[in-house]
2 protein chains.
Amino acid sequence: MAVIDRRQQVLKAATKSFSLFGYKATTMDQVAKIANVGKGTIYTFFTNKEQLFDEILRDVTLEMKSIAEREIKRDKPFFDNLHRVLDALLDFRSEHELFIKLSQENREVGTPQAQEGLDKIENVVLEYLEREVEFAIRQGEIKPCDPKIISMVMFRLYIVLTAVLNKTHKPLSKEEIKTYFHLFLAEGLAL
Amino acid sequence: MAVIDRRQQVLKAATKSFSLFGYKATTMDQVAKIANVGKGTIYTFFTNKEQLFDEILRDVTLEMKSIAEREIKRDKPFFDNLHRVLDALLDFRSEHELFIKLSQENREVGTPQAQEGLDKIENVVLEYLEREVEFAIRQGEIKPCDPKIISMVMFRLYIVLTAVLNKTHKPLSKEEIKTYFHLFLAEGLAL
DNA sequence: AAGTGACCGGATTAGTAAAATGGTCAAAAG
DNA sequence: CTTTTGACCATTTTACTAATCCGGTCACTT
């Protein structure tokens, strides 16, 4: 079996375990078992548990970026791009699973690594959003305002519509999420 | 000393302690001491710690409602009212202190009563917002859309602008908060 | 050379005794 | 007699310790 394969196996097993049980409840023995690999093997590819976690986080954010980049057409309007990226992102349940599990772990157990992981993902998304917003402002597509604030609000709005709302409300469909996103960010509520 | 006074003393002392130390770290002995009252006296007015906490939460939300009602003029536009209520609410630091302390306690220690308290406040605000939004929709002042979602987004937007943002950004002024509130809810970002 | 799992030491958990706290009530104060 | 009080009780929380678990290593197997 190729070296690259074993590494990939470990990565896949660890992703599964982190998404299913969270950071703390994922043991290296368990990862080894799921990956059908001796525990020592893991340590030939990754220096320790945190670094393995980091690597997965990096993969997740890279995947998200790649999804975004695939959808963004520089010649299309900002909100057009935003909607297409949102659409594509909403289909990627695997990214969300890890995100949701870490949120839960952070809430219920308060594992520092879960919080750090969430912050890392959030930062990548925010940085990315910020750049796009800056570009849109330069293009004169949206009003000139602080990109940091805009991207923060966009991110939180996304969380509210996809996750928070589900506690008191039936989950929104992809279409509804896009509609509300557009309503707040592009049109405003006023008639 | 009048009975009503002693009750008020206890209420004031407890509010102070809950705002300063949170729910868990507030002991009944301490409340009695701050209120200059025997511990037993507290139990002549309140059945137990939770009920005392509830009473304070009720007072806080009543105060918020009263602030809101004072500012709302039924003949003025919705966003006009919204801004004036926001303005008045942002001045009420005492309400915010308890809210912020409970948020912190919930995050750091996870005291269930802190979470419940926050939920109670949130629910009161959401119900109130929902009614106002419904009214504005009937008046044809804002677009017809689900009031539950609108009020939830409004509430979270408020939290983001007043609290969450402060971790990565310098706190916004009252004027800035109002501007961004208007930008997202009334105008939208698009040019 | 690559892969493994028994093994090690530090970290976490379970178990328990001691301390703290919510709530009561007999007695003191008014 | 009514109101107030703080010592007291039962339960919860905390501090401490022993037992277990888990991340990481490495001598041994394949």
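In what follows, chains are A, B, ... by sequence order, proteins preceding strands, each numbered from 1.
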Note to self: One character per nucleotide, please: for nucleotides 23-29 of chain C, 5' to 3', B when the base has a protein heavy atom closer than 4.0 Å, S when only the sugar-phosphate does, - otherwise.
What the structure shows: BBB----
Next item on the list: Let me have a per-nucleotide readout for nucleotides 9-16 of chain D, 5' to 3', with B, S or -, counting only protein heavy atoms under 4.0 Å.
Entry: -----S--
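- Panel note: side chain A/K143, backbone A/I137; no donor-acceptor pair is recorded below 3.5 Å.
- For the pair B/Q30 and B/F21, the minimum side-chain heavy-atom distance is below 4.5 Å.
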Next item on the list: Test B/F181 against B/H83 for ring pair (Phe, Tyr, Trp, His ring centres under 6.0 Å), laying out the working first.
Entry: CA-CA 8 Å; B/F181 226 79; B/H83 279 173; 7.4 Å; no
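- Separating the CZ atom of A/F53 from the P atom of D/dG24 is a distance of 14 Å, rounded to the nearest angstrom.
- Ion pairing between a basic and an acidic side chain is recognised when a charged N comes within 4.0 Å of a carboxylate O; B/K16 and B/E97 show no such pairing.
- Counting only heavy atoms from C-beta outward, the side chains of A/E141 and B/L189 never approach each other to under 4.5 Å.
- In this structure, A/E69 and A/V85 have side chains that are not in contact, with every pair of non-hydrogen atoms separated by 4.5 Å or more.
- What separates NZ of A/K33 from C1' of D/dC22 is a distance of 14 Å, to the nearest Å.
- Salt bridge B/E105/B/K24: absent, no basic N to carboxylate O contact under 4.0 Å.
- Although no hydrogens or angles enter the test, the distance criterion places no donor-acceptor pair under 3.5 Å between the side chain of A/N36 and the main chain of A/A32.
- The interatomic distance linking B/F46 (CZ) with C/dG22 (P) rounds to 15 Å, in whole Å.
- When side chains are defined from C-beta on, A/T61 does not count as touching A/Y128, because their heavy atoms never get closer than 4.5 Å.
- For A/Q113 and D/dG23, the CD to P distance is 11 Å, given to the nearest whole Å.
- The separation between A/D5 atom CG and C/dG3 atom C1' is 15 Å, rounded to whole Å.
- Between B/K33 and B/D29 there is no salt bridge, since none of the side-chain N atoms of the basic residue sits less than 4.0 Å from a carboxylate O of the acidic one.
- Side-chain contact between A/K148 and B/T168 is absent, with no heavy atoms from C-beta onward closer than 4.5 Å.
- The phosphate of D/dT4 (OP1 or OP2) has a side-chain N or O of B/R6 nearer than 4.0 angstrom.
- Look at CD on B/Q30: it is 9 Å from P on C/dT21, rounded to the nearest Å.
- Within residues 104-111 of chain A, no residue places a heavy atom under 4.0 Å from DNA chain D.
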